[in-house]
Structures are given as C-alpha cells and as structure tokens.
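Chain letters run A, B, ... following the sequence lines, proteins first, then strands; residues in each count from 1.
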2 protein chains.
Amino acid sequence: MKGFRHIILYGLILAVLVFALKWIQWKFLIVDNAIDIYIGLIAVFFTILGIWVATQFVKPATQTIIVEKEVIITQPEETTINEAELKKLDLSSREYEVLQLLAKGYSNADIAGNLFLSVSTIKTHVSNLFLKMDVKSRTQAIEKSKRLKIIK
Amino acid sequence: MKGFRHIILYGLILAVLVFALKWIQWKFLIVDNAIDIYIGLIAVFFTILGIWVATQFVKPATQTIIVEKEVIITQPEETTINEAELKKLDLSSREYEVLQLLAKGYSNADIAGNLFLSVSTIKTHVSNLFLKMDVKSRTQAIEKSKRLKIIK
DNA sequence: ATCAATTTGGTACTAAAGTATGACCGGAAT
DNA sequence: ATTCCGGTCATACTTTAGTACCAAATTGAT
C-alpha cells in the first residue's frame, strides 16, 4: 500500500514538473540561445531527483559484521568422565561398578551387600581391578580414578 | 585517493555528455517541435545518472551480529580448600599432613617413610584422624575429604 | 556349537589396616 | 609448677584388605 501511495505521489510530482518545465521552456525561449542553460537546469534537477529516488528506494547493501562474544561457562561439577582413559583400562562392567562403590569409601562387605554378591566375589573383582589399574591398594585405585577422571 | 579518481571519472563523463547533448540538441532542432522529446530524454538520462551516482556513494548499512561463543574455562585447580569445614574437624597439623598423604593413596608405611616417623605413629594419627572425621576407614576418610574439599 | 571372557564363589593364606592401651617428651597456657 | 595437648613410639590384638589358586555358570561373538 505504501508503494501505491508513492506511485501516486510521484505521478503528481511529475505532472507538476511538466507544467513547470513548460513554463521554464516558454520563459527561456523568449531569451534566445538560453537553451543550454535550460538543458543544464534540467540535467541538474533530474540528477538530484535521481539521487533522491535512489536514496529512497535503493536498499543499501548490508554489510554483516559478526562479532564473537565469549561467554564463560563455568561447569558446576567438571565430572566429565574421561572415556578415553576409562577405555584404556579395559574394565568389565562389574569391575567398574565395584570401583565406583570403592571410591565412595565402601568396604568389601559394603560393596557385596550393595550388589547382592559375596565378599569373595568382590575380592576377586577388586584384585582384577588392581591388576588392570596397576595399583596395589584400594586407596591407590581411588587416587588414580580421581586423577584420570574416570569416576564421578 | 579513491574519491579523487571518482571525481576525475565523473568529470570525463560530464565532458563526454556535453558533446553528446550538443549533438542530440542539434539533431532534434532539425526536427521542429521535438524539443519535448529531447527534454524527456535528458530527464530520464539524468535521473538514471543520479540513481547510479547515489548507489555508488551510499554507504552500506552495517549490521552487527553478536554471536555468543561458548568458552569453557577449565580451572586447572578448582581446589579452593574449604577452610571452614577443615577448621570444624579440628585436626592437628600432623594429622592433616597424614590425611593429605593418605588421600594420595599412600600406605601407613609410605606415610611413615615420607614423614620420617614410625608406622606406629602413623597408626596413632590415622586412628585419631578417623575419630575426628567420624569415619571407619581410610577410604571413607578420603571420600569425605574430597566431598568436603578439605584437601587438594 | 564352540570358544573366550565375564561373573560368580570358594578356601587358604599373607599383608595391611585399624583399635586399644600405655608411655615418654616438650611446649604452651594457667 | 602443674596441667594440658600434640607428637612420638611401642605392644598386643582384631579386622579388613589383598593374593593365589581353583572352579562352575553365564554370556557374547564367531
């Protein structure tokens, strides 16, 4: 709708211009040899008109400037488990379960009760765990687990 | 410098136009009453010229897009020791020393060797440590220490 | 179906951890 | 000076952890 109103507006402007030009043309024709001045005025006027039209309708090329804003993310608990290190150890699922309870300070009896297994089984798992982790005690296992970030 | 070259360019263009207009003017003067068509051409031409000039000089609108870039800051040692909790436990300096080595996976013998003390002394410290920390094993002591953030 | 790995559990043993108790020393506070 | 506490060390004991070796059931993949 806005474009339509513009068209009407420009139409009216042009109509006015036609009469204006006719008047200027007639006036300058009285003065002979003034045609050059007349042409110059026309040229200047329409150049300005063109500039104005352009500034009104030609959308300026948009130059997009992307600014990276660094947002610091502070992880509350950087317990991103180091899957790579965990895989290296090649622990079985049960062994990993035992390790997690181990690190919570559970005794072998506690772990056995928690997993509904016998203490013997836990001892077996713990021993195998130590071999795979290359440690000699549960405290070393805990320390290494924390250091490698393989437990929460 | 670019603006200067533009000025020269437009100067040349205008010079060419002057001759072109003179030629067109002469040609149309032969045909009488063709002055209106001539004026029309002039108007159209300079309007287009004005548009072109405008588009050349209108500065592109800059659109600044701020992109949030998440930067994960991994604190190397987020081990801000919880002094409050540590003070609550009321550990002696030796006991705290023992606790720190304990948490590193050291055995009583290791700790004794590290502090140039007998294993008996370490056992005493460890026992007192457990009483003060209200735990029943070194693994529990480690877990609690990590949880309360009282060790590095 | 077979084979390897896992999971489970046992016995027997050793090593380490943990408890209880007592003793000695030295420094700091009362 | 005496008391109190931290630190040291010891002995004797119990408990737990850890090792070694074995064996059976289960599971998963070829």
Note down the inter-axis angle between the two ends of the helix from dA1(C)-dT30(D) to dT30(C)-dA1(D), five pairs each, to the nearest 10°.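 That helix has its two terminal axes inclined by roughly 50°.
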Pair Thr121(B), Thr124(B): side-chain N/O donor-acceptor within cut-off below 3.5 Å: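 No, because no side-chain N or O of Thr121(B) sits under 3.5 Å from a partner of the opposite role on Thr124(B).
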Atom pair distance, as rounded to whole Å: [atom1] in [X] and [atom2] in [N]:
{"X": "Leu115(A)", "N": "dT6(C)", "atom1": "CG", "atom2": "P", "answer": "18 Å"}
{"X": "Ile122(A)", "N": "dT8(C)", "atom1": "CD1", "atom2": "C1'", "answer": "10 Å"}
{"X": "Glu97(A)", "N": "dT6(C)", "atom1": "CD", "atom2": "C1'", "answer": "13 Å"}

Between the main-chain N or O of [Y] and the side-chain N or O of [X], is there a donor-acceptor pair closer than 3.5 Å?
{"X": "Glu97(B)", "Y": "Arg94(B)", "answer": "no"}
{"X": "Lys104(A)", "Y": "Glu143(B)", "answer": "no"}
{"X": "Gln140(A)", "Y": "Lys136(A)", "answer": "yes"}
{"X": "Lys132(B)", "Y": "Asp90(B)", "answer": "yes"}
{"X": "Arg138(B)", "Y": "Tyr106(B)", "answer": "yes"}

Leading and trailing nucleotides of DNA chain D with any atom under 4.0 Å from heavy atoms of chain A: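 Listing 5' to 3', DNA chain D meets chain A from dA17(D) to dT19(D).
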Just by protein heavy atoms under 4.0 Å, how would nucleotides 14-26 of chain C read 5' to 3' in B, S and -? ---BBB-------
Nearest heavy-atom neighbours spanning Ser145(B) and Met133(B):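 Between these two residues, the closest heavy atoms are OG-CE, 3.4 Å.
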Please report the shortest heavy-atom distance between Tyr96(A) and Ile150(A), naming the atom on each side.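 Result for this residue pair: OH-O, 2.7 Å.
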Could you tell me whether Ser120(A) contacts a base, only the sugar-phosphate backbone, or nothing, with contacts defined as non-hydrogen atoms closer than 4.0 Å?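 Base, at least one base heavy atom under 4.0 Å.
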Verdict with reasoning, Lys146(B) to Lys146(A), per side-chain contact (heavy atoms from CB on, under 4.5 Å): CA-CA 10 Å; Lys146(B) 297 266 183 184; Lys146(A) 297 267 182 184; 4.0 Å; yes
Is there side-chain contact between Leu101(B) and Asp110(B), with heavy atoms separated by less than 4.5 Å?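 A side-chain contact under 4.5 Å is absent here.
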